[in-house]
Undergrad: 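Below you will find the structure I want to go over with you.
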Amino acid sequence: MTDLFRRLLRTKQGALGVVILLGITLICVFGPALAPYRPDHMDYVSRFAAPGVQHWLGADQFGRDELSRLLYGARETVPPALLATLAGTLAGAIVGTLSAYAGGRWDEAIMRTVDAVLAIPGLLLALLIASALGAGEQTALLAIAIAFAPGMARITRSVALAARQEEYVAAAIARGESGTRIVLAEMLPNVIAPVIVETTIRVAFAVMLLATLSFLGLGAQPPSSEWGLLVSDGRAYLHDAPWLVLAPGAAIGITAIGFNLLGDGLRDALNPRDER
Amino acid sequence: MSLAWLLRRLLLMAYTMLVVSVLVFAITQVLPADAAVTLLGQNATPAALAALRQELGLSDPVGLQFWHWFWALLRGNFGTSMRTGLPVGPTMFTALSRSLLLAACSIVLMLVVAVPLGVLAALRRGRALDLLAGLVSYLGISVPEFVTATFVLVVLADRLGWLPATGYVPITKHFIGGVRHLIAPVLTISLVLIAHVARMMRSETIDVLASDYVRAAELKGLSRRTVLLRHVLRNALLPVVTVVALDVGYLLGGIIVVEEIFAIPGIGRELLIAIQNRDLPSIQAGALIMAGTYAVTNLLADIAYALLDPRLRYD
């Protein structure tokens, strides 16, 4: 594990990704302590204040400090995206492994249905589910988890099928190792790598999707300072206070870039053969 | 390409659309909306509501409702909008045509930029252009469309005043105006596409450059230009076909957001309006038409791929 981490840090993308995500983790943990104001503190004197000494990133239409709202909002943006991805990955991994294990007709039926669900564009599916379940942060999270599951099922299945045919599995069987040991000690470490890479990159996508759902009014609701909602709020004042959309927009982008870099770094670190 | 393969592929597409319609129907069943209340208003008498529910078939079992709806769909009847009272099908297809124009322009811009960018980045690995291409790729895949669109609006429309902010002018009515309204949305959508395809193109080109047949071609003494055009580009472009088809999925998702922001009356915006108004027939039609467009694109990509690469015949 430490070896993997060292290899990860040696890749340019991985190191940069780790640094960005470390910063974002710190903001999620200590954000409220660092924030100069309460996120709901209104100060009518500084309505639409431009970025400056008083308000580093400016203030919104109620005079709320944009930096403080961003720092508080990190908790409502990043952890839910992580949770949604993990839930979707877990659900998909279970379906994918079962499908590979069942084989034959069941496998065919499950995978064709998975393909069919994959034929619905991700945002459209998440949008439909979120609107069916009612707008809100939790339902948006659930919608993304459901939207992610089929893709993860497809990946885990193909990886599990490929692993079953590998020589090291045949060797382990020949050595007389038990089924559980083969799955846990031989197959899992080899299977998990592509799943980890895919999951990491999907967190970036989940951050974007979650923010998009909030932006469209189907995710977090006011007065939350979720980042997508901040952009949506600030859009009405684009001309007079562009910082209200630029700051949270940049925060979303930087977070997603962090996860994408980490994913690419992990891919390189896990496949030393495949150097690009 | 064998007939059996094509037949199997068409059958798969039909199954896909069946699953999609079951899914869309199920989702709209869960939607907290009572069609009778939507049509008659909150103050309608219970008797009137009951009568309308009977007439609309809302008290039928769910399975029967699905069958009626699906049978109408097969005959091309998407139902009547609960919001406007107009037939949903024509409205949605008109909207789709505007979205497709937007999508087509974005794909053309993407191809013109991404393919040369990817190849050049691969040829100049580690140099300034490669790093720039890498940066653009990361930005493109990491910044959601609503953020890109907002940034484009701030810079090109508000600060510089080069483009109209939002709205839609049909290019058949006013060509210059129509084009000017299309620029910002097309830029927004194509950034994501450029990011994907340039990345793909770069890594494919690197792989192909290291392959034996390219070395053989170089050893034969073919000029660099011939090797690049005849061997490298041709082989590196193959997987890009699949990526472009997959990207249509992103494109359709992205279009929802971009149309909403730039106020373009395309299918994505129609769908959002339908969702906001709980207009069930419009939601169903919009979702189905979008999924159908994606399915057809994937089919066309598979056919193109099979035609381009005779080695591949799919299982």
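Numbered from 1 within each chain, the chains take letters A, B, ... in sequence-line order.
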Undergrad: Between B:Val19 and A:Arg112, is a side-chain contact (heavy atoms from CB on, under 4.5 Å) present by the stated rule, with each step listed?
TA: CA-CA 9 Å; B:Val19 172; A:Arg112 289 303 156 240; over 6 Å; no
Undergrad: Given side chains that start at C-beta, do those of A:Trp227 and B:Val147 come closer than 4.5 Å, heavy atoms only?
TA: no
Undergrad: Name the region of B:Ile256, side chain, backbone, both or neither, that has any atom closer than 4.5 Å to a heavy atom of chain A.
TA: side chain
Undergrad: Look up atom CG in B:Leu23 and atom CD1 in A:Ile120, then write down how far apart they are to the nearest 0.5 Å.
TA: 5.0 Å
Undergrad: For B:Leu18, which atoms come within 4.5 Å of any heavy atom of chain A: side chain, backbone, both, or neither?
TA: neither
Undergrad: At their closest point, which heavy atom of A:Pro121 faces which heavy atom of B:Tyr294, and how far apart are they?
TA: CD-CD2, 4.1 Å
Undergrad: Knowing that exactly one of A:Val207, A:Ile257, A:Thr255 qualifies, which makes a side chain to side chain contact (heavy atoms under 4.5 Å, CB included) with B:Ser142?
TA: A:Ile257
Undergrad: If I measure from the heavy atoms of chain B, does A:Phe205 come under 4.5 Å with its side chain, its backbone, both, or neither?
TA: side chain
Undergrad: Assess whether side-chain contact (heavy atoms from CB on, under 4.5 Å) is satisfied between B:Val257 and A:Thr212, documenting all intermediate values.
TA: CA-CA 8 Å; B:Val257 177; A:Thr212 305; 3.5 Å; yes
Undergrad: Using a 6.0 Å cut-off, check whether atom CD of A:Gln138 has over 12 heavy atoms from anything other than its own residue.
TA: no
Undergrad: In the structure I gave you, are the side-chain heavy atoms of B:Leu272 and A:Leu127 within less than 4.5 Å of one another anywhere?
TA: yes
Undergrad: Measure the CZ-CG distance between A:Arg235 and B:Leu153 for me, rounded to the nearest 0.5 Å.
TA: 8.0 Å
Undergrad: Indicate the atoms forming the closest heavy-atom contact of A:Leu124 with B:Met290, along with that distance.
TA: CD2-CB, 3.9 Å
Undergrad: Answer yes or no: is there a side-chain heavy-atom contact under 4.5 Å between A:Leu216 and B:Ile275?
TA: no
Undergrad: Need one label for B:Ala287: side chain, backbone, both or neither, based on atoms under 4.5 Å from any heavy atom in chain A.
TA: both
Undergrad: Is it the backbone or the side chain of A:Ala211 that comes under 4.5 Å from a heavy atom of chain B, or both, or neither?
TA: both
Undergrad: A:Ile252, A:Leu246, A:Ile201, A:Val245: which one forms the most heavy-atom pairs within less than 4.5 Å of chain B?
TA: A:Leu246
Undergrad: So what's closer than 4.5 Å to chain A heavy atoms on B:Ile141: side chain, backbone, both or neither?
TA: both
Undergrad: Non-hydrogen atoms of chain B under 4.5 Å away: do they reach the side chain of A:Leu125, the backbone, both or neither?
TA: side chain
Undergrad: Roughly how far apart are A:Asp115 CG and B:Met13 CE, rounded to 0.5 Å?
TA: 14.0 Å
Undergrad: Quick check for you: to the nearest 0.5 Å, what is the distance between A:Leu123 atom CG and B:Leu251 atom CG?
TA: 12.0 Å
Undergrad: I need the minimum non-hydrogen distance between A:Ala116 and B:Val20, along with the two atoms involved.
TA: O-CG2, 3.7 Å
Undergrad: Quick check for you: to the nearest 0.5 Å, what is the distance between A:Leu213 atom CG and B:Phe146 atom CZ?
TA: 9.5 Å
Undergrad: Take B:Tyr138 and A:Gln13 through the side-chain contact (heavy atoms from CB on, under 4.5 Å) test and state the conclusion after the steps.
TA: CA-CA 11 Å; B:Tyr138 272 111; A:Gln13 291 115 316; 3.4 Å; yes
